[in-house]
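Step one of this worksheet: look at the structure below.
Each chain gets a letter, A, B and so on, in the order its sequence line appears, and its residues count up from 1.
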Amino acid sequence: MTDVLLNRRQFLVSASVVAGGMSLALVSRTASAGTVSEADTVAEFSPWLSIAPDDTVTVYVPTGEFGTGSMTQVPMNVAEELGCDWAHVRAEFASARRDYLEGGPYAIGSQPFFTGHGTDHARMPYALQLGASARERLKAAAAQRWSAAVADIQARDSVLTHIPSGRTLRYGEVAAAAAMIALAEEPALKPQSEWTFLGKASPAKLQLPGMVDGSAAYGIDVKVPGMVYAALLQCPVQGGRLRHHEPEAVMKMPGVRAVVTVDRSGTAGSPVTAKATFGLAETAVQSAVAVIADHYWQAKTALQALPVAWDFGEGADWKTEQQLYDDALARLDEPAAMVLREAGDVTAVTTGRAVAADYLTPYCDQAPMEPLNGTALVTSERVDVWTPCQDSQQAYWVAIDETGAAPEQVFVHRTLVGGAFGRRSFSEDVRMVVAIAKQYPDVPVQVIWSREEMMRQGRYRTLIAARMRAVLDAHGMPLTWDARACQAGNPMVSLPLGFADAVYAVSGAIPNVRIGTTRHPYHILTGAYRGPCYNSHAFMVETFVDECAVAAGADPLDYRLKLLADWDPAWSNCLRVAAEKAGWGKPLPEGRGMGIAIANWPMAGMKQAGSTVCAVAQVDVSRDGKLTVHALDVTFDCGRFVNRDAVLAQLEGGVIYGLNMSLSEEITIRDGAVVEGNFHEYRLLRMADLPARINIHFDALSGHDRFAMIGEAPVGPIGPAIGNAIFQATGKRIRSTPLLKHDLAWG
Amino acid sequence: MTVTDNSINAAASASISLTVNGEQHRLELAADTPLLWVLRDHLGMTGTKFGCGIAQCGACTVHVDGRATRSCMMPVEAVDGATITTIEGLAPRRDHVLQTLWLEMNVPQCGYCQSGMLMAAAALLDDIPAPTDADIDARVSNICRCGTYPRVRAAIHRAAAARNGGQ
């Protein structure tokens with residue numbers, strides 16, 4: 001049991017330390033397993049890369065792993081140039097602490113510790129160069145060993161071969177010497193046409209074996225000797241405060257060790273300027289009470305028995321979610337606080353057919369399968385935190401800020417992540433874990449959110465209301481597009497993506513454009529949610545364009561093609577191929593409809609950028625309003641791919657996520673508190689609920705020289721494609737989600 | 001903060017015996033402790049996951065006397081004397097046909113729900129050697145938020161074919 005740790009390089013806290021010893025003797029698990037000599041001679045080529053005598057190549061990846069495969073992609077990038085046997089490659093988590101203390105060796109590209117983005121356009125060449133550089137150093141070391149010319153040495157499959165003599169050395173045999181060698185100049189990278197691994201092979205995630213035999217360790221699987229457990233309850237109305245609780249009522253219950261309260265006044269503050277990826281403003285703790293016990297079930301049982309009273313605060317004045325919706329929609333009567341994009345003059349066109357409508361998407365919960373959790377050991381000497389975070393640099397600074405410890409005293413041990421979808425971006429969960437654990441010092445405390453606690457204390461998808469108006473010319477094409485939104489989210493996640501940069505606003509087809517937004521957060525806390533705000537804007541924009549097409553009497557596919565006639569042809573190609581694959585235009589029986597939509601994350605307003613995804617949905621709606629989504633045909637353009645199966649998996653998953661989001665997800669409110677607590681109330685799709693056909697087509701890939709991120713883009717077009725298909729089937733235009741909330745009966 | 005020292009309070013505890021993956025265990029603990037937490041906290045077997053706590057998501061699925069069971073709502077007293085198989089014991093060398101195909105077909109994304117998914121699928125194949133799509137829908141109702149469903153379904157069908165072809 002003491003051995004169930006995160007991975008080979010994570011640190012094992014010795015039992016004496018946990019018992020209250022003063023110096024923390026942390027040893028690597030490799031060393032504790034008795035292979036000290038090997039661990040000692042692992043040659044570090046870079047903070048990113050080491051090679052062991054047994055040829056094991058270890059790549060230290062700053063971007064973590066939550067299912068998208070960046071802990072595999074980054075090592076793949078290194079391996080392409082290193083010329084190593086893939087079977088020898090391992091991935092480890094890079095340390096945010098090391099990054100800070102050593103001046104940023106991992107600070108390459110955008111948000112260097114944020115999970116995913118294994119093909120980031122700055123990090124990918126950096127990783128390729130790491131591999132090339134290490135390869136040349138290995139060759140130089142072999143040349144020294146053999147007194148041979150470097151040019152005569154070939155490096156392949158983790159073997160160095162002296163071509164004239166046929167002599168060979170394994171990488172591991174010269175790694176130590178090679179790591180001491182500095183190259184006079186960096187080698188040039190291979191052209192992509194000579195890649196033998198990237199784009200050719202589709203290796204499975206390196207962590208996969210542990211995922212099928214139960215040995216993969218997520219945050220909740222961390223076991224530190226002497227660890228105790230905490231169950232948590234925050235004020236049911238976000239922003240409210242604990243008024244009263246009676247710890248004595250539960251102190252004698254089995255296993256109970258302590259009852260602690262948490263309040264933002266307990267935050268110590270960072271002793272130095274924090275370098276948190278997303279800042280610390282959105283990480284404040286909510287008022288809470290927690291029970292610490294020997295076992296989680298004891299802690300949970302005692303928490304349920306704990307008498308607690310709250311001051312709910314102003315949030316409780318919002319009786320229902322509808323009041324929030326009405327308020328957000330009413331704010332659209334006023335001019336937008338911020339103009340995001342303006343071209344021409346939308347007020348200049350006074351005649352022509354007008355199309356106008358309001359749209360709304362609700363708060364939603366990311367609902368990753370691993371409940372929020374974390375483990376912390378706080379002593380006077382140091383702070384250790386084990387967390388399934390999305391960004392370990394964020395987690396690191398949150399832990400520093402909460403404890404006030406010096407950065408060198410704080411150790412964040414990242415784990416595999418059981419799903420995130422944005423929920424684990426800001427590390428406010430890490431702050432809560434540390435805030436609890438620091439009140440029970442010298443003992444490792446694992447805090448586990450119940451599903452109800454997690455779902456009702458979310459950092460939800462931003463609620464967005466929008467109003468759009470277009471005036472069409474004699475041919476039905478828009479002369480003006482005037483759009484304003486109210487984004488009920490915090491500034492970090494009130495993003496304009498897919499709205500201010502909507503392709504129709506920049507493609508040149510609409511001469512007069514005005515797009516604006518007003519940020520108006522309510523007490524409901526918001527966070528990132530797979531494709532933040534884009535996932536709402538795609539629904540609104542693609543539904544609105546469909547309404548314009550219908551008003552113009554045009555085919556929705558032709559109408560979009562016209563609007564995009566002078567734009568990046570890859571968009572039109574995505575539309576055409578998806579339509580062709582789905583059989584667009586064929587006569588459909590009564591009650592059946594096809595809808596189309598297209599969107600791009602995160603670069604809708606730029607040609608040959610981001611990932612464009614087009615979906616055609618085919619639905620049946622029975623007269624009494626039962627919706628069946630039969631098929632989704634999806635095309636995309638992310639430029640190129642380096643791991644075809646990984647891209648396919650993200651498209652499959654993203655399509656299903658978008659389907660779930662659009663069909664059934666909505667967080668509702670009663671007296672300021674979130675109603676939904678678990679999966680019987682917040683419905684997630686199961687296998688039986690899927691469309692019969694989800695067809696992902698690779699045929700529209702442009703081959704443009706980019707490897708754009710693909711995990712978020714598919715979420716956008718699914719909902720509007722289905723909504724537009726519902727209109728074709730029923731004549732009913734659906735302008736808000738969840739789609740299944742609407743009465744679809746017709747005829 | 002209020003601190004107590006009654007951590008060894010054994011009130012309402014029961015004596016339970018379990019056979020888990022072939023190994024016998026005797027435990028003294030609260031009778032209402034769900035099997036999930038007995039496996040995870042008391043026996044240190046963390047392959048079985050906590051997802052919802054109300055038997056909705058299936059992440060906690062284990063085999064109790066051969067039947068797929070959601071362990072998060074199963075009081076340990078109700079399985080006293082039972083034989084339990086967890087993901088760690090599904091196949092000694094990680095070579096159950098489903099595990100092999102899960103790897104080959106790259107089924108997991110984040111992987112968190114997959115032990116429960118595998119245990120549900122394994123019990124299904126034991127009961128119905130050639131399941132239809134409807135059988136799979138009915139018996140593998142686990143939730144996967146990453147959306148691995150198409151691959152789960154395809155892998156189950158291939159596993160059935162492989163097993164039946166191998167007989």
(message) Please determine whether side-chain contact (heavy atoms from CB on, under 4.5 Å) holds for the pair A:M253 and A:Q298, giving the CA-CA distance in whole Å, both sets of side-chain angles, and the decisive distance to 0.1 Å.
(response) CA-CA 8 Å; A:M253 290 180 70; A:Q298 296 169 329; over 6 Å; no

(request) Tell me, with the steps shown, if B:Q109 and B:T148 meet side chain to side chain donor-acceptor pair (under 3.5 Å). (result) CA-CA 7 Å; B:Q109 290 193 26; B:T148 62; over 6 Å; no

(message) Go through it in stages, so that I can follow the logic: the residues are A:Y229 and A:R257, the test is side-chain contact (heavy atoms from CB on, under 4.5 Å), and I'd like the CA-CA distance, side-chain angles, deciding distance and then a yes or no.
(response) CA-CA 10 Å; A:Y229 297 84; A:R257 289 174 170 239; over 6 Å; no

(request) Please assess B:T46 against A:K223 for the test side-chain contact (heavy atoms from CB on, under 4.5 Å), listing each intermediate value before the final yes or no. (result) CA-CA 9 Å; B:T46 55; A:K223 299 286 184 194; 3.5 Å; yes

(request) Verify side-chain contact (heavy atoms from CB on, under 4.5 Å) between A:C364 and A:Y682, making sure each step is shown before the conclusion. (result) CA-CA 9 Å; A:C364 295; A:Y682 195 79; 3.3 Å; yes

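Between chain B and the residues A:A293, A:G419, A:A367, the most heavy-atom pairs under 4.5 angstrom are made by A:A367. Comparing B:R145, B:M45, B:R151 by heavy-atom pairs within less than 4.5 Å of chain A, the highest count is held by B:R145. Your options are A:N373, A:D645, A:V417, and the one with the most heavy-atom pairs under 4.5 Å with chain B is A:D645. The residue among B:T33, B:V152, B:L98 with the most heavy atom pairs within less than 4.5 Å of chain A is B:T33. Ranked by heavy-atom pairs under 4.5 Å with chain B, the list A:V655, A:L685, A:V228, A:D689 is led by A:L685.
In this structure, the side chains of B:M117 and B:Y149 come closer than 4.5 Å at one or more pairs of heavy atoms. The shortest distance between side-chain heavy atoms of B:P150 and A:I656 falls below 4.5 Å.
Neither the backbone nor the side chain of A:L651 comes within less than 4.5 Å of any heavy atom of chain B. Looking at A:N660, the atoms closer than 4.5 Å to chain B (heavy atoms on both sides) all sit in the side chain, from C-beta outward. Interface remark: A:L659 contributes no atoms to any contact with chain B (heavy atom separation under 4.5 Å). With a 4.5 Å cut-off on non-hydrogen atoms, A:L416 does not touch chain B at all.
Residues of residues 48-63 of chain B lying within less than 4.5 angstrom of chain A, judged on heavy atoms, are B:K49, B:F50, B:G51, B:C52, B:I54, B:Q56, B:C57 in numerical order. Of residues 76-95 of chain B, those residues with a non-hydrogen atom less than 4.5 Å from any non-hydrogen atom of chain A are, in numerical order, B:I87, B:E88, B:R94. Among the residues in residues 131-140 of chain B, those with a non-hydrogen atom closer than 4.5 angstrom to a non-hydrogen atom of chain A are B:I136, B:D137, B:V140.
Under a cutoff of 6.0 Å and an axis angle of 45°, A:R530 and A:Y657 form a cation-pi pair.
Not counting sequence neighbours, the partners of B:S141 by the side chain to side chain donor-acceptor pair (under 3.5 Å) test are B:R70.
Between A:Q390 and A:T115, the side chains place no donor N or O within less than 3.5 Å of an acceptor N or O (distance only, hydrogens not considered). A donor-acceptor pair shorter than 3.5 Å can be found between the side chains of A:E665 and A:Y529.
Aromatic ring orientation, B:W37 versus A:Y296: tilted (interplanar angle from 30° to 60°).
When atom types are taken as modelled, the side chain of A:Q650 and the backbone of A:V647 share no donor-acceptor pair closer than 3.5 angstrom.
Between A:E681 and A:R451, no side-chain nitrogen of the basic residue sits less than 4.0 Å from a carboxylate oxygen of the acidic one, so the salt-bridge criterion is not met.
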